2 protein chains.
Amino acid sequence: MRYELYYWPGIQGRGEFVRLALEEAGANYVDVARRSERSGMGMAAMMRLMESPELARLPFAPPFLKAGRQVIGQTANILLFLGPRLELVPKGEAARLWVHQLQLTIADLVTEAHDSHHPIGNGLYYEEQKPEARRRAEDFTQARIPKFLDYFETLLQRNPDGDAWLVGDTLSYVDLSMFQVIAGLRYAFPKTMKRLEPDYPLLVALHDRVVARPRIKAYLKSKRRIPFNNEGIFRAYKELDR
Amino acid sequence: MRYELYYWPGIQGRGEFVRLALEEAGANYVDVARRSERSGMGMAAMMRLMESPELARLPFAPPFLKAGRQVIGQTANILLFLGPRLELVPKGEAARLWVHQLQLTIADLVTEAHDSHHPIGNGLYYEEQKPEARRRAEDFTQARIPKFLDYFETLLQRNPDGDAWLVGDTLSYVDLSMFQVIAGLRYAFPKTMKRLEPDYPLLVALHDRVVARPRIKAYLKSKRRIPFNNEGIFRAYKELDR
């Protein structure tokens, strides 16, 4: 199966959580909107699909994944679909629901990270909501980041199969997402993270363990990994990191 | 199976999406935090579970559902678990992922509805973020509500099995959630909804179809249905509805 991933070409964004799973598994996939329009792909192909009047199972927004004739939207839902196929989840319904539950909690964190620079609306530029962003980012860095990191650190401490991975004794897709969150928070809030990280040794070790995976290591060095930038979810605005 | 639902006792909130599914199915369930502490339940029981140092699969926040020894968190994940058990989803993986995808899009809408009165932070009172709320609610009512309603109305139009329900030709749990969203938006933004609703006849008909279900009708009249109020997700602040 060759998977087709559709996502905005210039940012890591929510698409990155799917990319990391596909890369770790060595899956056969194409990042459609980043390919050339001459090849029939690119943004034009993505817009064509989103605007197709025949598509009954229309996604609300990118990312979405095409797998054969199936079109699947919502990041956590895509990972729910891919998990068993890429062997990135344990067996059994209860464990899979648990991995998915953590992915949804990460999705909440990601939305809050986005809203730290866009608290008023996505249709406005950051420059149009700077004072509000300053207040929201203060709450995010002071209250919310520690609350989320406390939670995930506690889960690692309590994992009955050891503290290397969030679920069981093997990497699952949620560990890749956790790595991405830590990398993103470091990019957006370096001072905050420098202050907080000593309290989260297991999460930092998890981050490093993911970076050391051979396929992830190769991916992070490749051109397929778009660098963090200030168009994405995690943005480095100094005035929001105090 | 007797399900135990754990959620804040004074509001509909996110717990309501689970309650509606349990009620429509006539399931055997107990709304733990709303029961008396004398009976061993109430808020004390909820806090006991959330603070239990032995619980490895700890939920981040209510609602969560106890089903035997399994504790399941994240609203959409609870519905993913309950759907097949309550016969509130079609058969087949692809259809179930599609229902779940829509539920996750509703979850995004619900977060935005919440943030329309709490754009800065959950730890602050509404009164501490009124100017920001006014700006965010303007964006929500002018841009975001129409965008979400356009999307769901289009899905009803395109459903190959007819426009009565969002997926297939039978009610699924996401229809119950769609009803709840429309009811909530009407409570919070009556002027906005009065203006918008003529453009969404299929969604309004879906809302009415859910209200007419015998078990939902009985539930909505019962004391089990907590009235909308200004502690919940959907809040009626006149200054935010213009």
Side-chain angles (χ1 to χ4, degrees), chain A residues 53-61 64 67 69-78 80-81 93-95 97-98 100-105 107-109 111-112 115 119-124 128-129 131-132 135-136 138-140 142-144 147-148 151-152 154-155 157-161 167, chain B residues 53-61 64 67 69-78 80-81 93-95 97-98 100-105 107-109 111-112 115 119-124 128-129 131-132 135-136 138-140 142-144 147-148 151-152 154-155 157-161 167:
Chain A
E54 286 94 44
L55 187 61
R57 295 189 174 174
L58 188 70
F60 184 71
F64 49 92
R69 292 176 56 191
Q70 215 175 330
V71 177
I72 303 157
Q74 285 282 356
T75 312
N77 195 46
I78 297 170
L80 182 67
F81 168 84
E93 189 205 10
L97 282 170
W98 173 234
H100 185 57
Q101 178 176 331
L102 301 188
Q103 190 66 40
L104 291 174
T105 305
D108 289 343
L109 194 175
T111 295
E112 294 190 27
D115 287 4
I120 299 304
N122 216 0
L124 302 171
E128 297 175 275
Q129 47 195 312
E132 294 92 344
R135 280 195 81 193
R136 173 123 190 184
E138 191 185 335
D139 185 78
F140 185 59
Q142 300 299 313
R144 300 298 290 173
K147 187 174 163 76
F148 279 106
Y151 174 69
F152 287 108
T154 300
L155 296 186
Q157 286 164 357
R158 293 191 189 177
N159 181 350
D161 297 310
V167 180
Chain B
E54 285 96 43
L55 186 61
R57 296 191 172 173
L58 188 69
F60 184 70
F64 49 92
R69 293 175 55 190
Q70 214 174 332
V71 177
I72 303 157
Q74 284 281 357
T75 312
N77 195 46
I78 297 170
L80 181 68
F81 169 84
E93 189 206 10
L97 281 171
W98 174 235
H100 185 57
Q101 179 176 330
L102 301 187
Q103 190 66 42
L104 291 173
T105 305
D108 289 342
L109 194 173
T111 295
E112 295 191 26
D115 287 3
I120 301 303
N122 217 1
L124 301 171
E128 297 174 274
Q129 47 195 311
E132 294 92 344
R135 278 195 83 192
R136 173 123 191 185
E138 191 185 334
D139 186 77
F140 185 59
Q142 301 298 313
R144 299 300 290 172
K147 188 175 163 77
F148 279 107
Y151 174 70
F152 287 108
T154 301
L155 296 186
Q157 286 164 359
R158 293 191 189 177
N159 182 349
D161 298 311
V167 180

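All values below come from the heavy atoms of this structure, side chains included, with hydrogens, waters and symmetry mates left out. In what follows, chains carry the letters A, B, and so on, assigned in the order in which the sequence lines appear, proteins first and then strands, with residues in each chain numbered from 1. Nothing here was measured: the structure is a model prediction, and the numbers come from that model.
Interface remark: Y151(A) contributes side-chain atoms only to the contact with chain B (heavy atom separation under 4.5 Å). Both the backbone and the side chain of P119(B) come within contact range of chain A, with heavy atoms under 4.5 Å apart. The contact between A95(B) and chain A is made by backbone and side chain atoms together, counting heavy-atom distances below 4.5 Å. Within the 4.5 angstrom heavy-atom criterion, only side-chain atoms of T154(B), from C-beta onward, approach chain A. Contacts of P59(B) with chain A are made by both backbone and side-chain atoms, with heavy-atom separations under 4.5 Å. Only the side chain of E93(B) comes within less than 4.5 Å of a heavy atom of chain A; its backbone N, CA, C and O stay farther away.
Taken to the nearest 0.5 Å, the CH2 atom of W98(B) stands 6.5 Å off from the CG atom of L58(A).
Of the listed residues (E54(A), R135(A), R158(A)), the one with the most heavy-atom contacts under 4.5 Å to chain B is R158(A). The residue among L102(A), V71(A), L55(A), V167(A) with the most heavy atom pairs within less than 4.5 Å of chain B is L55(A). In terms of non-hydrogen atom pairs under 4.5 Å with chain A, the most contact-rich of K147(B), H100(B), E132(B), R136(B) is R136(B). Considering only heavy-atom pairs separated by less than 4.5 Å from chain A, the leading option among I78(B), L80(B), T111(B) is L80(B). Note on G121(A), G73(A), A94(A): by heavy-atom pairs under 4.5 Å with chain B, the leading option is G73(A). Note: L97(A) leads D139(A), D115(A), L97(A), D108(A) in heavy-atom pairs under 4.5 Å with chain B.
Q129(A) and L124(A) get closest at one heavy-atom pair: NE2-O, 3.2 Å. When all heavy atoms of F148(B) and T105(B) are compared, the closest pair comes out as CE2-O, 3.7 Å. Between Q101(B) and N77(A), the shortest heavy-atom distance links the atoms CB-ND2, 3.4 Å. Between L155(A) and A56(B), the shortest heavy-atom distance links the atoms CD2-O, 3.6 Å.
Here the side chains of L104(B) and L104(A) are in contact, with some heavy-atom distance below 4.5 Å. Counting heavy atoms from C-beta outward, L109(B) and F140(B) have side chains that approach closer than 4.5 Å.
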